[in-house]
Amino acid sequence: MKKLIAILLLCLSTQAFATKVGDVNLDEQIRVASSDLLLNGAGIRKKMLFKVYVAALYLGEKKNSAEVVLKDTGVKRVELHMLRRVDATEFMDAFITAIKANHTPDEFVPIMGRLIRFAHTFSIVGEVNKGDVITIDYLPNADKKNGVTVVKINDKERDRIVGADFYLSMLKIWLGEKPVQDSLKNEMLGAAS
């Protein structure tokens, strides 16, 4: 009987700590480096009629303002769960277009070299497939002078890019003044879908 109760409690606790977006189960809480992060919000990126990925934003504490999230200097994660196969070039073109849309030329020039490096990382991969998980973490204390963006695909580290400004440019893809999708921005900020 005790064993049955323990199994039921385990099942209930697992359900309490997962959120489902589309067919993707997202943890309500994760650990990045030595920080516990909470699922701030998540939604589905759609392009025309196609569902491309589920995007989830994890923060140290929940925030519902893009401006507040963009000013937050703590550990963060954007997690992308691919819902379809996408060529790496097409994927990076979409990222670069969204970054350019959210930056003035003076803001864009300092990150351009690091953005080329980021694009090169994906060109080596070639494509991302349905079921792949891309994580883009910000670790503020990973470099003595600046934060570091850590990019992983399916838990395999692919790159580390120095600079808080670089991670901020990544966040603006989804949370900037001109996000890739307004509804996704709202969902990542905790609005119900």
Side-chain angles (χ1 to χ4, degrees), residues 10-45 52-83 91 95 98-99 102 111 114 118 121-122 128 131-176 179-193:
L10 180 62
C11 289
L12 289 173
S13 67
T14 302
Q15 289 176 349
F17 294 105
T19 295
K20 193 166 188 170
V21 176
D23 292 332
V24 175
N25 289 314
L26 299 168
D27 293 326
E28 284 288 332
Q29 186 172 350
I30 61 171
R31 191 156 183 83
V32 174
S34 59
S35 298
D36 291 322
L37 302 181
L38 302 172
L39 177 62
N40 196 71
I44 298 174
R45 167 69 171 123
V52 183
Y53 55 76
V54 169
L57 174 63
Y58 288 90
L59 303 170
E61 60 183 40
K62 292 191 176 201
K63 296 173 174 42
N64 61 7
S65 161
E67 185 178 335
V68 173
V69 173
L70 294 172
K71 288 181 180 178
D72 179 12
T73 59
V75 176
K76 295 176 215 40
R77 168 174 283 179
V78 171
E79 195 171 271
L80 306 176
H81 294 259
M82 299 306 298
L83 300 176
F91 194 69
F95 269 40
I99 290 170
N102 285 285
I111 63 167
R114 288 172 285 165
F118 183 72
T121 297
F122 277 87
V128 287
D132 285 351
V133 179
I134 300 165
T135 58
I136 306 169
D137 295 339
Y138 177 66
L139 307 177
N141 300 319
D143 180 79
K144 295 190 192 287
K145 295 179 186 174
N146 235 322
V148 172
T149 299
V150 179
V151 181
K152 293 181 182 179
I153 302 174
N154 299 325
D155 284 328
K156 181 179 179 185
E157 187 171 318
R158 297 294 184 158
D159 207 350
R160 285 180 172 251
I161 302 168
V162 175
D165 60 335
F166 184 78
Y167 195 82
L168 184 61
S169 73
M170 292 283 108
L171 276 182
K172 286 182 178 179
I173 293 170
W174 303 281
L175 303 180
V180 291
Q181 183 178 314
D182 289 327
S183 61
L184 180 57
K185 176 180 178 175
N186 292 334
E187 290 163 348
M188 292 175 77
L189 292 171
S193 55

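Heavy-atom basis, side chains included; hydrogens, waters and symmetry copies ignored.
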For the student: nearest non-hydrogen atoms of [X] and [Y], plus distance:
X	Y	answer
Ile99	Ser169	CG1-O, 3.6 Å
Asn40	Lys63	OD1-N, 2.7 Å
Val21	Ala42	CG2-CB, 3.9 Å
Ser35	Val75	OG-CG2, 3.5 Å
Leu39	Ala56	CD1-CB, 3.8 Å

Mark yes or no for whether [X], through its side chain, and [Y], through its backbone, hold a donor-acceptor pair below 3.5 Å.
X	Y	value
Asn146	Val162	no
Asp137	Val150	no
Asp36	Arg31	no
Arg160	Val151	no
Asp27	Gln29	no
Tyr167	Ile136	yes

Output for pair (Lys62 NZ, Leu38 CG), nearest 0.5 Å, gives 6.5 Å
Going from CD on Gln181 to CE on Met188, what distance comes out if it is rounded to the nearest 0.5 angstrom? 10.5 Å
Show the numbers, then the answer: is there a side chain to side chain contact (heavy atoms under 4.5 Å, CB included) between Lys20 and Leu26? CA-CA 6 Å; Lys20 193 166 188 170; Leu26 299 168; over 6 Å; no
Evaluate the side chain to side chain contact (heavy atoms under 4.5 Å, CB included) criterion for residues Phe118 and Phe166: first the C-alpha distance (whole Å), next the side-chain angles of each, then the deciding distance (0.1 Å), finally the verdict. CA-CA 10 Å; Phe118 183 72; Phe166 184 78; 3.8 Å; yes
Considering only NZ, NE, NH1 and NH2 on the basic side and carboxylate oxygens on the acidic side, decide whether Glu187 and Lys185 come within less than 4.0 Å.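 No, this pair does not count.
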Is Lys152 salt-bridged to Asp159, cutoff N-O under 4.0 Å? no
With a 4.5 Å cut-off on side-chain heavy atoms, are Asp72 and Leu59 touching?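 Sidechains of Asp72 and Leu59: in contact.
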For atom CG of Asn154, is the number of surrounding heavy atoms from other residues, nucleotides or ligands below 6.0 Å larger than 12? yes
Intermediate values then yes/no, side chain to side chain contact (heavy atoms under 4.5 Å, CB included), Ile30 and Val32: CA-CA 7 Å; Ile30 61 171; Val32 174; 3.8 Å; yes
Step-by-step side chain to side chain contact (heavy atoms under 4.5 Å, CB included) determination, Tyr53 to Asp132: CA-CA 10 Å; Tyr53 55 76; Asp132 285 351; over 6 Å; no
